[in-house]
2 protein chains.
Amino acid sequence: MHPDKLGQTIKNRREILAITQRDLAELSNMGLRTLKAIENGKSNPTLETMNKLMDVLGMELRIDVRTPKV
Amino acid sequence: MHPDKLGQTIKNRREILAITQRDLAELSNMGLRTLKAIENGKSNPTLETMNKLMDVLGMELRIDVRTPKV
DNA sequence: TCCAAAAGTGCATTATAGCGCTCCTTTCAT
DNA sequence: ATGAAAGGAGCGCTATAATGCACTTTTGGA
């Protein structure tokens, strides 16, 4: 999960929920500037920041053992 | 995924692979101090730091839409 | 038992994530 | 076409993640 992919995932989900960056930032209790950077893959967010977004977006961060491509 | 759970997940995986904190820190190219803090749930790591660990541990960070408990 | 390796922690420093402010660009409904 | 809403970005400040060093505590094999 690299910054670019994280940003796209969050942006896609936000658009599905039909809310603006401003709304998501407020609901997530984070700065608008920070959310913009994350969505554009231009930040290296902390676990806490990612969790705030996951909560509001109805998503969850998971860690799996990487399974070999069959 | 809260800091405590993240730490336990990493520690468990490290022990399965039978390597020391020192080894994992070196292989992951991060400070030993940092790894210790993460394993003990006493840090709020960045995405980059988590990715370094995921790579060496053969794991991956995923984001899923939270499915309602049935 | 005991001791060496491994793990945990206090402290100080450095690097950078998060932030607000400001302004510019893009999008899209009228 | 155009204006308002939404999104993007430069700048500088503050809080804190990452780090190394020194030390203590825990653990497990001989």
Side-chain angles (χ1 to χ4, degrees):
Chain A
M1 180 64 63
H2 293 90
D4 282 356
K5 186 174 178 186
L6 172 70
Q8 265 310 309
T9 301
I10 288 172
K11 184 170 185 168
N12 287 344
R13 178 66 175 168
R14 176 175 62 80
E15 288 173 347
I16 286 173
L17 298 178
I19 58 177
T20 64
Q21 288 181 336
R22 185 176 304 275
D23 290 337
L24 177 54
E26 281 181 10
L27 289 169
S28 304
N29 202 34
M30 74 171 58
L32 175 58
R33 196 70 181 70
T34 303
L35 174 60
K36 287 175 185 292
I38 292 172
E39 283 199 0
N40 286 295
K42 291 176 181 169
S43 98
N44 176 26
T46 64
L47 176 62
E48 182 181 18
T49 297
M50 286 186 282
N51 277 333
K52 286 180 180 175
L53 291 171
M54 295 302 99
D55 288 347
V56 174
L57 293 173
M59 303 178 93
E60 62 184 348
L61 213 55
R62 295 183 51 190
I63 295 181
D64 294 337
V65 173
R66 202 170 277 151
T67 55
K69 295 178 183 177
V70 180
Chain B
M1 179 63 64
H2 293 89
D4 282 355
K5 186 174 180 187
L6 173 71
Q8 265 309 309
T9 301
I10 288 172
K11 183 169 187 169
N12 287 344
R13 178 66 175 166
R14 178 175 62 78
E15 289 172 347
I16 287 174
L17 298 178
I19 57 178
T20 64
Q21 287 181 335
R22 185 175 305 275
D23 291 337
L24 178 55
E26 282 182 8
L27 290 169
S28 304
N29 201 34
M30 75 171 56
L32 176 58
R33 197 68 181 70
T34 303
L35 174 61
K36 287 174 183 293
I38 291 173
E39 283 199 0
N40 286 298
K42 291 176 181 168
S43 97
N44 176 25
T46 63
L47 176 62
E48 181 183 18
T49 297
M50 286 187 280
N51 278 333
K52 285 180 181 176
L53 291 172
M54 294 301 100
D55 288 346
V56 174
L57 293 173
M59 304 178 91
E60 61 184 350
L61 214 55
R62 296 183 50 189
I63 295 181
D64 293 336
V65 172
R66 201 171 280 150
T67 54
K69 295 175 181 176
V70 181

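Chain identifiers are assigned alphabetically (A, B, ...) following the order of the sequence lines, protein sequences preceding nucleic acid strands; residue numbering begins at 1 within each chain. Just so you know, these numbers use all the heavy atoms, side chains as well, and skip hydrogens, waters and symmetry mates.
Less than 4.0 Å separates DNA chain D from at least one heavy atom of each of the following residues of residues 40-55 of chain A: Asn40(A), Lys42(A). Contacts of residues 12-21 of chain B with DNA chain C (heavy atom under 4.0 Å): Arg14(B), Thr20(B), Gln21(B). Taking a 4.0 Å limit (strictly below) on heavy-atom distances, residues 27-38 of chain A reaches DNA chain C at Met30(A), Gly31(A), Arg33(A), Thr34(A).
To the nearest 0.5 Å, atoms CE (Met59(B)) and CD1 (Ile10(B)) are separated by 7.5 Å. With rounding to the nearest 0.5 angstrom, the OG atom of Ser28(A) is 9.0 Å from the CE atom of Met54(A). To the nearest 0.5 Å, atoms CG (Leu27(A)) and CG (Asp55(A)) are separated by 11.5 Å. If you take CE on Met50(A) and CG on Asn44(B), they are separated by 8.5 Å, rounding to the nearest 0.5 Å. Atom NZ of Lys52(B) is separated from atom CG of Leu47(B) by 11.5 Å, given to the nearest 0.5 angstrom.
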Reading 5' to 3' through nucleotides 24-30 of chain C, protein heavy-atom contacts under 4.0 Å coded B for base, S for sugar-phosphate only, - for none: -------
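In terms of the side-chain contact (heavy atoms from CB on, under 4.5 Å) criterion, residue partners of Asp23(A) (sequence neighbours excluded) are, by chain and number, Ile19(A), Thr20(A). Applying the side-chain hydrogen bond (donor to acceptor under 3.5 Å, both in side chains) test to Asn51(B) and every residue at least two apart in sequence or in another chain returns nothing. Applying the side-chain contact (heavy atoms from CB on, under 4.5 Å) test to Gln8(A) and every residue at least two apart in sequence or in another chain returns Lys11(A), Asn12(A). Legend: residues meeting side-chain contact (heavy atoms from CB on, under 4.5 Å) with Asp4(B), ordered by chain and number and at least two apart, are absent. Under the rule for a side-chain contact (heavy atoms from CB on, under 4.5 Å), the partners of Glu60(A) that lie at least two apart in sequence or sit in another chain are Arg62(A), Asp64(B), Arg66(B).
When all heavy atoms are compared, the tightest approach of Pro3(A) to Ser43(A) is CB-O, 3.7 Å. Considering every non-hydrogen atom in both Leu61(B) and Met1(A), the closest pair reads O-CB, 3.6 Å.
In 5' to 3' order, the nucleotides of DNA chain D bounding all contacts with chain B (an atom under 4.0 Å from a heavy atom) are dA17(D) to dC21(D).
No side-chain heavy atom of Leu53(A) sits less than 4.5 Å from a side-chain heavy atom of Pro45(A).
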Pairs under 3.5 angstrom only: tabulate donor-acceptor contacts from the side chains of residues 30-38 of chain B to other protein residues two or more places apart or in another chain.
from     : atom 1 : to       : atom 2 : distance (Å)
Lys36(B) : NZ     : Gln21(B) : OE1    : 2.9

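From one end of the helix from dT1(C)-dA30(D) to dT30(C)-dA1(D) to the other, with five pairs defining each end axis, the axis direction shifts by 60° (rounded to 10°).
Follow the hydrophobic side-chain contacts under 4.5 Å out from Val65(A) and you reach Leu6(B) in the same cluster. A chain of hydrophobic side-chain contacts below 4.5 Å, direct or via other Ile, Leu, Val, Met, Phe, Trp or Tyr residues, connects Leu17(A) to Ile63(B).
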